[in-house]
Amino acid sequence: MIVTVTLNPALDLTYTVDALIPHATHRVSSVRSRAGGKGLNVARVLHALGEPVLATGIVGGAVGTQITDLLRTAGLPSSFVTAPIESRRTVTVADGTDATGFWEPGPQITAESWSAFMSHFRTLLPRATVVALCGSLPPGIPTDGYATLTLLAAEHDVPVVLDTSGPALHEALAARPHIAKPNAAELADLLAHRKAPPPATAAPSPPQATSALSPPPTASASSPPPTGSSVDASPTTVSAWRERAEHVRSLGARSVVVSRGPQGLLAVAEGGGWEAPPPEVVAGNPTGAGDACVAALARGLRDGTPWPEMLADAVALSGATVAAPVAGSFDPDTYHRLRAAAAVVGHPVPPRC
């Protein structure tokens, strides 16, 4: 089974109004409640695809109970650790043309609760085929939290897909996740900070690659990043995208998939690179498209799917999510149409010295 980790889940509330007017009182025409968080969106997509999946993370309080109740009602298997906290809420106010979001901060996680989650995570690993580590870390969890979970998974030969940002991404790369999936903005932020994590040589050896994976990179974590004090989030050439992704690999990731919004996906691994543009422009809600990409990558990683097929599936599933009304769902007809039309272009990468 694929295990998805959401350490900072939320109860997503969506209020629909006729028009959002500052400093005015609004009558809400409809209210939707949903268990939210990137890892939960990944789990929903996998569940809808009929894949064995289990969602885990940390919840607490009345909001945490609502989150787990909503997952149970949806039939999504989950196993959360309950902590003495109140889980956060997010509020989206949608009118006819746009949406405005209000995000509560994550709760403070104690050292005891974090230790309890790590112990629980260890019990899930013997049954896991892939782990997806998704989203932000709540306050109290150390910035190397995902690095720790990646190393725990490696002890059980369980590959990891990593989808996070900021310091959590910086630190986790040294633990050699099998796939790191930054989006364009997260990649630019990583390169702008240029903070290399500690060398990964002291970390346990990662599991052997399947046909869809690359062996660990041979460049050291001190490989120089692209030059420049500021980093544009949208390079204009494939070679520039590939150079940035290769730098992320030099920090420890065994392979890197960059989600570039309407430009599609770009991946680099040992000895090769691939570009997967969307077969067509899909109008709709892009929220959750990256989570659908992670779902496809996790499934492909489990099955040892070759890179071109895995990326074609990921770009199709991402586009089908745009066509669906809410994150964590996808339009099946759009998915099958895009999957049949998806074309992946290979870009050979010279071996490292």
Closest approach of [X] to [Y] (non-hydrogen atoms, all atoms of both residues):
X    : Y    : answer
A320 : L338 : N-CD1, 3.9 Å
A276 : V344 : CB-CG2, 4.0 Å
S259 : K181 : OG-NZ, 2.9 Å
A132 : V294 : CB-CG1, 4.1 Å
I179 : M310 : CD1-CE, 4.3 Å
A312 : R339 : CB-NH1, 3.5 Å

[X] side, atom [atom1]; [Y] side, atom [atom2] - distance, nearest 0.5 Å:
X    : Y    : atom1 : atom2 : value
T148 : F117 : OG1   : CZ    : 11.5 Å
L125 : H120 : CG    : NE2   : 10.0 Å
H47  : L40  : NE2   : CG    : 12.5 Å
Q66  : L13  : CD    : CG    : 7.5 Å

**Q.** Same apolar cluster: V281 and L266, side chain cutoff 4.5 Å
**A.**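 Unlinked, V281 and L266 end up in two clusters.
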Q | ILVMFWY network linking W241 to L169, side-chain heavy atoms under 4.5 angstrom | A |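 Yes.
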Q: Identify the residue among T4, T321, N41 that makes a side-chain hydrogen bond (donor to acceptor under 3.5 Å, both in side chains) with D291.
A: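 Answer to the side-chain hydrogen bond (donor to acceptor under 3.5 Å, both in side chains) test with D291 among T4, T321, N41: N41.
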Q: Apply the side-chain contact (heavy atoms from CB on, under 4.5 Å) test between V53 and each candidate in V130, L46, V42; give the one that qualifies.
A: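 Considering V130, L46, V42, a side-chain contact (heavy atoms from CB on, under 4.5 Å) with V53 is found only for L46.
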**Q.** ring pair (Phe, Tyr, Trp, His ring centres under 6.0 Å): pairs with one or both residues in residues 263-284, sequence neighbours excluded
**A.**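 Listed by first then second residue: W274-W307.
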Q) So does E270 pair up with R249, basic N to acidic O under 4.0 Å? A)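 Yes, charged N to carboxylate O under 4.0 Å.
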Q | R337 atom CZ: more than 12 heavy-atom contacts under 6.0 Å | A |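 Yes - once you tally the heavy atoms of other residues, nucleotides and ligands closer than 6.0 Å, there are more than 12.
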Q: Side-chain contact test, heavy atoms from C-beta onward, threshold under 4.5 Å: evaluate it for V5 versus L149 and give yes or no.
A: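 Result yes, sub-4.5 Å side-chain heavy-atom pair found.
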Q) Does some side-chain heavy atom of L137 sit less than 4.5 Å from a side-chain heavy atom of N8? A)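 Side chain of N8 against side chain of L137, heavy atoms only: no contact under 4.5 Å found.
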Q. Do side-chain atoms of S318 reach the backbone of V315 as a donor and acceptor pair under 3.5 angstrom?
A.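 Checking the backbone N and O of V315 against the side chain of S318, no donor-acceptor pair under 3.5 Å is found.
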Q | Audit row: D12, T90, side-chain hydrogen bond (donor to acceptor under 3.5 Å, both in side chains) steps and yes/no | A | CA-CA 5 Å; D12 288 344; T90 64; 2.3 Å; yes
